[in-house]
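Below is one structure, written out as structure tokens; the observations come after it.
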Amino acid sequence: MIGNLYRLWPHPKLLIRLVALTAIQAVLQGLLLGCLVPILRALLQPRPDFAEAMPWLLAGAVGLALYWVLNVIATPLSFAASMELAAQLRHHLMSHVTTLPLGWFTGDRKARLARAITADCSHAATLTVTVGAPAITSTLVPATIFALTSFVDWRMALLFAAIAPLSFLALRRSSRVAAATEIELEAAVTEIAGRAIELGQAQPVLRAAGQSAGSVRMRAALDEHRATYRRGLGRSLVPDLTFTGVVMAGFVAVLCLGAKLLFDGEVPIAETVALLVLAVRFLEPLGTLIELVGALRAMDNAVARLQSILSTPPLLQAEDAARQIATAEIEFADVSFAYSDKPALREVSFRCLPGTMTALVGPSGSGKTTVIRLIARFFDVAEGAVRVGGIDVRAIDQATLMNDVAIIFQDVFLFDDTIEQNLRLAKPDATSEELAAAAKAARLDEVIHRLPEGWATRVGEGGAQLSGGERQRVSIARAFLKRARIVLIDEASSALDPENEAAISQAIAQLASDRRRTVVVIAHRPATLDRADLVIALRDGAVAEIGSPEQLRQSGGAFGALYRQYEQTRGWRIAATGPAKQLLNPLTSDGSQPRGHA
Ligand SMILES: Nc1ncnc2c1ncn2[C@@H]1O[C@H](COP(=O)(O)OP(=O)(O)OP(=O)(O)O)[C@@H](O)[C@H]1O
């Protein structure tokens, strides 16, 4: 546990100082108690010998003063340390996640990361101070007392030596049960958190269904939490009672041995009293350990959760990584890729030249998104190579690559800030002329014009004040502002209103018109396909057909057949978005309903 803690903190000096200070205090506490033996020996006799007791009384007074000074130093240090340690951990975690492959950030992991940054970092830091320090004291005070007792009476020391391992064995059992319960409770709490978010999002549906008292899933999660808690209490009862029993039995044994030594005349009364005081201070901290076990396990589990994120290997970065990309040419050379052991791409090869637009089509799950992710190096390929400007992306400095890449997702995330700040994310030092030009090219200017406070309008959480199409226009404007030479687009698969549809279509065409730029788009609209220079049709992770729209139209392949169908229905105005869109997805399907984009 201590090793885990030490490894966790990036700058463990503060932790070491705190542990050292607590350890010194604990040993000092034990030594101060040890002073009682010679003091009582000198004073508890028919004629008290003050001269003999004096040096020990003085030593005790100095020790007490030192203990007080250490306490004065330790108390504010503990408070400062818990804040500082939490801050250190948060920085460490944040700087580590910035080195992780973008593909790591799945929904689940993002939730875990949020919980790690908010709860686990402060738990680990606070518990290290509030529980770690008493745990050190509860271990070192008995250890010091044991060492001192062995100089006073070996029989009593032997008894202590027998009680300690038995208590630790019982404590270990309790601690394991507490750890298992804590993990189950944490899972139950995470489930409640997930259901709470769902409850907020599903309010309209729930109210329409007359379920104002909350969702069934939320209630089930709360019940499960209660049941887990009760199960945990039940499971810990026997081990906890066993531990308490061992400590109590130890106490009885100490009393019996003390009485025997006294009545046999082997130990004088003064020493017996001193030994009993030492025995109480030996057993008492052991007893409090049981109260700390749950919190210690909670700390250990929080540390383990943080470590599971911190141990995720970062994206490998070559020492001599290229810091310049000559052209925006993209090449896939025999690329195979799997998510864990689930194959997603098989021997995919193609080239996209600057100044062109490539459309990726294929049924749901055929690998279109994976192609986009590999270009932006969300993941590293298992076989083959993805090259940009003739260089393997693994040999390009990540910042350099991302500087040249803009990704326009279907679901654009915007920060709860002004529209201007959201745009500036692409180029923080952009001039207002540059901002205006980018907005115009993305036809975002029309949206800004309509907004009550123009550029200063706040877009709400996640950009909720804007429609999906308007958010995509912000994202396209970012690509213009950034002057990204590689633009990767996941076109909206759901229907957009005609204005947004036309604006986005025109903005994409404008992006593609730059001769230095390569645009790759997951196409969901026939108009985009029409405009593409190259169409890559994927099926089951492999390239099924590749060529210009014209070539594919004339080929006898599935794409050609569907495209001809699209041509036939083109005149039918109402079909311009509906059936035409369907052409792109069921391209090679088995007739099943295609999976929608999240
Ligand atoms: N993060 C992931 N972890 C595990 N498997 C994944 C992940 N992302 C995609 N897959 C799987 O990889 C395969 C290819 O998925 P991909 O998203 O690239 O297909 P797609 O053609 O873009 O599909 P869609 O049109 O539905 O978005 C699918 O079988 C999918 O289930």
Side-chain angles (χ1 to χ4, degrees), residues 97 100-113 308-309 312-313 315 330 332 334-350 352 358-384 386 393 405 407-413 468 472 475 487-496 519-526 528-529 532 534-546 552 557-559 562 577-578 580-598:
V97 292
L100 296 182
L102 286 172
W104 181 85
F105 296 86
T106 58
D108 272 7
R109 290 187 182 133
K110 280 189 273 191
R112 249 176 58 201
L113 178 64
S308 77
I309 297 178
T312 310
L315 202 62
I330 299 167
F332 269 51
D334 278 329
V335 168
S336 296
F337 176 76
Y339 291 101
S340 305
D341 51 358
K342 188 178 176 199
L345 290 183
R346 288 181 289 121
E347 295 170 7
V348 171
S349 295
F350 62 83
C352 311
T358 299
L360 296 171
V361 294
S364 181
S366 57
K368 306 178 295 290
T369 312
T370 307
V371 166
I372 296 272
R373 287 175 181 159
L374 293 184
I375 297 171
R377 209 186 162 200
F378 279 28
F379 301 98
D380 279 336
V381 298
E383 281 168 44
V386 176
V393 285
V405 173
I407 311 174
I408 298 158
F409 294 104
Q410 283 204 43
D411 250 338
V412 177
F413 180 83
Q472 271 215 332
S475 188
V487 178
L488 311 171
I489 306 171
D490 190 356
E491 204 173 36
S493 58
S494 52
L496 291 173
V519 177
V520 180
V521 54
I522 298 177
H524 291 289
R525 301 186 190 284
T528 314
L529 256 192
L534 181 72
V535 176
I536 300 171
L538 293 166
R539 182 197 330 202
D540 297 333
V543 175
E545 290 173 71
I546 185 165
L552 294 201
F559 177 85
L562 285 163
T577 52
K581 188 183 123 201
Q582 284 173 23
L583 290 178
L584 307 180
N585 272 335
L587 176 68
T588 53
S589 82
D590 51 6
S592 59
Q593 186 70 21
R595 174 162 64 90
H597 281 264

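Note that ligands are numbered from 1 as they come in the structure, with each ligand's atoms numbered from 1 the same way.
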Quiz prompt | Under the ring pair (Phe, Tyr, Trp, His ring centres under 6.0 Å) test, residues paired with F350 that sit two or more places apart | solution = F332
Exercise. Could you tell me which atoms of ligand 1, counted from 1 in the order shown, lie closer than 4.0 angstrom to a heavy atom of P363?
Key: 21 (O)
Exercise. Pull out every atom of ligand 1 sitting under 4.0 Å from any heavy atom of T370, numbered as shown with elements.
Key: 14 (C), 15 (O), 16 (P), 18 (O)
Exercise. For K342, counting its heavy atoms only, list the atoms of ligand 1 lying under 4.0 Å from any of them.
Key: 11 (C), 29 (O), 30 (C), 31 (O)
Quiz item: Where the side chain of Q472 meets the backbone of F409, is there a donor-acceptor pair that is under 3.5 Å apart?
Solution: yes
Practice problem: Mark up the atoms of ligand 1 that fall under 4.0 Å of a heavy atom belonging to T369, in ascending order. | Solution: 17 (O), 18 (O), 20 (P), 22 (O), 27 (O)
Quiz item: Taking both backbone and side-chain atoms of I522, is any N or O found less than 3.5 Å from an N or O belonging to ligand 1?
Solution: no
Practice problem: For residues V405 and A376, report the shortest heavy-atom separation together with the two atoms involved. | Solution: CG1-CB, 4.4 Å
Quiz item: Does P343 have a non-hydrogen atom less than 4.0 Å from ligand 1?
Solution: no
Practice problem: Identify, with sequence neighbours excluded, every residue that meets salt bridge (charged side-chain N to carboxylate O under 4.0 Å, His left out) alongside R373. | Solution: none
Quiz item: So between F378, F337, Y339, whose heavy atom ends up nearest atom 5 (N) of ligand 1?
Solution: Y339
Quiz item: So is G362 close enough to ligand 1, meaning a heavy atom under 4.0 angstrom away?
Solution: no
Exercise. Using modelled atom types only, decide if a donor and an acceptor are shared between the side chain of K368 and the backbone of L538 within a distance under 3.5 Å.
Key: no
Practice problem: Kindly say whether D540 contributes a backbone atom to a donor-acceptor pair with the side chain of R346 at under 3.5 angstrom? | Solution: yes
